[in-house]
Amino acid sequence: MINIKEDKRLNPLNHSCAHVLAQAVLRLYPESKLWVGPVIPEGFYYDIDMGDVTLTEDDLPKIEKEMKKICKDGKRIVRHELSRDEALEMFKDNPYKVDIINNLPESEVITAYSQGEFTDLCRGGHVDTVKECKNFKLLKVSGSYYKGDAKNKVLQRIYGVCFDSKEDLDKHLEELEEAKERDHRKLGRELGIFMTSDLVGKGFPLWLPNGFTVRHILSEYIMNKELRSGYEHVFTPPVGSVDLYKKSGHWDHYKDDMFPMMKIDKEEYVLRPMNCPHHMMIYKNSLHSYRDLPVRIAEIAQDFRYEASGALCGIERARAFTQNDAHIFCTPSQIKNEFKKVIDLILDTYKDFGFKDYSFRLSLRDKNDTEKYFGNDELWEKSENELREVLKEYGVEFYEAEGEAAFYGPKLDVQVKSAIGHDVTLSTVQLDYQLPEKFDIDYVAEDGSKQRAVVIHRAIFGSLDRFVAFLLEETKGALPLWLAPIQVSVIPVSNEYHLDYAREVAEELRACGIRVHLDSRDEKLGYKLRESVTHKIPYALVLGDKERDSKNVSFRKYGTDEQGVMGVNEFAELIKKMKK
């Protein structure tokens, strides 16, 4: 989906349309006071103090009608330069604009833009006439605190979008509808994957039985893959001492993103934001020879980060999340081979899931702002060059992104394009010389001397939560058979005559390792079938007189016209074969 804020043509077009919206609101609600109306990636919005008026979606057509009149009138958009005194005089009746003017730097040129009777304080830029803004749509309305502060007044925020042509607008609106249908928050609620509760806390999703089943299957899948690749699994507590994070450097570089410190028995603890320090201590628990390396430690680990409330988004971005994390301790000579093995594991996983639209991003340190990074320049140059060399030798295409590195080292991010056009970071691989220095991560070399090991951080799924969100949006909730939380719904035509046989069938299928839901509700057959489709269950079995008497099942496959009749054992074998 196009980023309107970054588009050279659509940005000024949407900026001008925000002014058309503001002009229409002032015509309809003259007592309103305008604040700001910026362009955003999705279009534009305007925050307006409308006094006692609370807009609803039903009010938007009336505002759109007035906007169309303004566009049809076709007034030119004219720029004015103002002195500070002129600006304060022009907007003296609007305290929001006065506040903006008073906070502008003394050296800044103050400008306003007019179209007919309407003038707004604005930096620009704009299109030539309001007539160019005619292909627009108001999308929604919500409340927004003035300056984002909950102590301030709630303003009305009206969202909209504008394009050059009706065709482009219609296409965009179709994409928005598609995105809405694929939104993992909507699907998660409808399919019983997860829920949220303000009483539990914002950013702390609760995984429901269906969601836990999906998590369990994914965890088992990736852990088995890791075991075959020589990893050993550990389990560590999701809390650590502040001293641990001071030693790792996270406290200095990351404490603002952590939850507040807890004091217990005069000791200081914090919920962990990542697992590296714990894994460093596990490695140090015993001596290691060069013959032992590489040591690959993996964990399905829960972490906590204090994300801003405005950034929270279902399970895609939460304050409690689970990482498919691992750390590889190796000699410098093993870096290239281990890095390649991680890339192989990533690509093999993506092949299993059918991911094809992805790219590799080499995330580097911002050389103009080194304060937020760990360590010395020499180690940074060394690690960045080594990653670049590995990628070139491996033969994968990649692009470089300065300023996107972790604070302790450069990394390779795999950017996957989602079904709704989002660029999502799934897998990451990071090369780290810094933590080995901090924790004295050594091994005994062939000559008996102690040598410093190197650490490779890697996450194949990244956040397990984000991976599930991505899968829900990618599949529109119709997860593949092997991953579906319920694989078969068993539906008796009549509870009075067919429920006992339905129970037998459900028990036989469960004994074969198939995840089954028996719909024993006293509802009509059509309703139960619709429910099975709504929940995107791969197979529905309908059991009536014929099926009971012949000991068969009638099946229907979700999303297709495929249906048939076969014996229970034959059907179980079909499901097991398809799962493989």
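Start at 1 with the first residue, then count along the sequence.
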Quick one: closest heavy-atom pair of [X] and [Y], and the distance?
{"X": "Phe321", "Y": "Ala318", "value": "CD2-O, 4.1 Å"}
{"X": "Ser197", "Y": "Leu206", "value": "CB-CD1, 4.5 Å"}
{"X": "Leu543", "Y": "Ala502", "value": "CD1-CA, 3.6 Å"}
{"X": "Leu169", "Y": "Phe136", "value": "CD2-O, 3.5 Å"}

Minimum side-chain heavy-atom gap [X]-[Y] below 4.5 Å:
{"X": "Pro273", "Y": "Asp303", "answer": "no"}
{"X": "Gln156", "Y": "Val53", "answer": "no"}
{"X": "Lys417", "Y": "Ser359", "answer": "no"}
{"X": "Tyr245", "Y": "Pro277", "answer": "yes"}
{"X": "Val342", "Y": "Ile328", "answer": "yes"}
{"X": "Val533", "Y": "Tyr558", "answer": "yes"}
{"X": "Leu138", "Y": "Met67", "answer": "yes"}
{"X": "Ile4", "Y": "Ile2", "answer": "yes"}

Evaluate salt bridge (Lys or Arg N to Asp or Glu O under 4.0 Å) for Arg503 paired with Asp500, printing each intermediate quantity in order.
-> CA-CA 5 Å; Arg503 286 197 179 105; Asp500 288 342; 3.5 Å; yes
For the residue pair [X] and [Y], categorise the inter-ring angle as parallel (less than 30°), tilted (30 to 60°) or perpendicular (more than 60°).
{"X": "Phe204", "Y": "Phe259", "value": "tilted"}
{"X": "Phe194", "Y": "Trp207", "value": "tilted"}
{"X": "Phe329", "Y": "Tyr283", "value": "parallel"}

Please round to the nearest 0.5 Å and tell me the distance separating atom [atom1] of [X] and atom [atom2] of [Y].
{"X": "Phe467", "Y": "Glu474", "atom1": "CZ", "atom2": "CD", "value": "10.0 Å"}
{"X": "Phe339", "Y": "Arg458", "atom1": "CZ", "atom2": "CZ", "value": "12.0 Å"}
{"X": "Lys166", "Y": "Asn135", "atom1": "NZ", "atom2": "CG", "value": "8.5 Å"}
{"X": "Tyr159", "Y": "Ser144", "atom1": "OH", "atom2": "OG", "value": "7.0 Å"}
{"X": "Leu187", "Y": "Lys536", "atom1": "CG", "atom2": "NZ", "value": "6.5 Å"}
{"X": "Ser165", "Y": "Glu167", "atom1": "OG", "atom2": "CD", "value": "4.5 Å"}

Evaluate the criterion side-chain contact (heavy atoms from CB on, under 4.5 Å) for residue pair His250 and Met258; output intermediate values, then yes/no.
-> CA-CA 9 Å; His250 288 94; Met258 295 185 187; 3.7 Å; yes
Distance under 6.0 Å and angle within 45° of the ring axis: does [X] meet both against [Y]?
{"X": "Arg521", "Y": "Tyr527", "answer": "no"}
{"X": "Lys153", "Y": "Tyr146", "answer": "no"}
{"X": "Arg319", "Y": "Phe304", "answer": "no"}

Looking at [Y] and [X], is there a salt bridge between them, counting it only when a charged N and a carboxylate O are closer than 4.0 Å?
{"X": "Lys137", "Y": "Glu177", "result": "no"}
{"X": "Glu316", "Y": "Arg185", "result": "no"}
{"X": "Glu504", "Y": "Arg548", "result": "no"}
{"X": "Arg317", "Y": "Asp465", "result": "no"}
{"X": "Asp413", "Y": "Lys411", "result": "yes"}
{"X": "Lys341", "Y": "Asp344", "result": "no"}
{"X": "Lys576", "Y": "Glu573", "result": "yes"}

Candidate pair Tyr350 and Ser427, rule side-chain contact (heavy atoms from CB on, under 4.5 Å), full reasoning | CA-CA 10 Å; Tyr350 286 11; Ser427 307; 2.7 Å; yes
Has the side chain of [X] got a donor or acceptor atom that lies under 3.5 Å from a matching backbone atom of [Y]?
{"X": "Glu307", "Y": "Gly203", "value": "no"}
{"X": "Arg515", "Y": "Ala484", "value": "yes"}
{"X": "Asn210", "Y": "Ile486", "value": "no"}

Per the side chain to side chain contact (heavy atoms under 4.5 Å, CB included) rule, which among Leu426, Val416, Leu483 passes with Phe353?
-> Leu483
After noting the C-alpha distance and the side-chain angles of Glu268 and Lys255, does the key distance pass the salt bridge (Lys or Arg N to Asp or Glu O under 4.0 Å) rule?
-> CA-CA 13 Å; Glu268 297 174 337; Lys255 65 182 175 183; over 6 Å; no
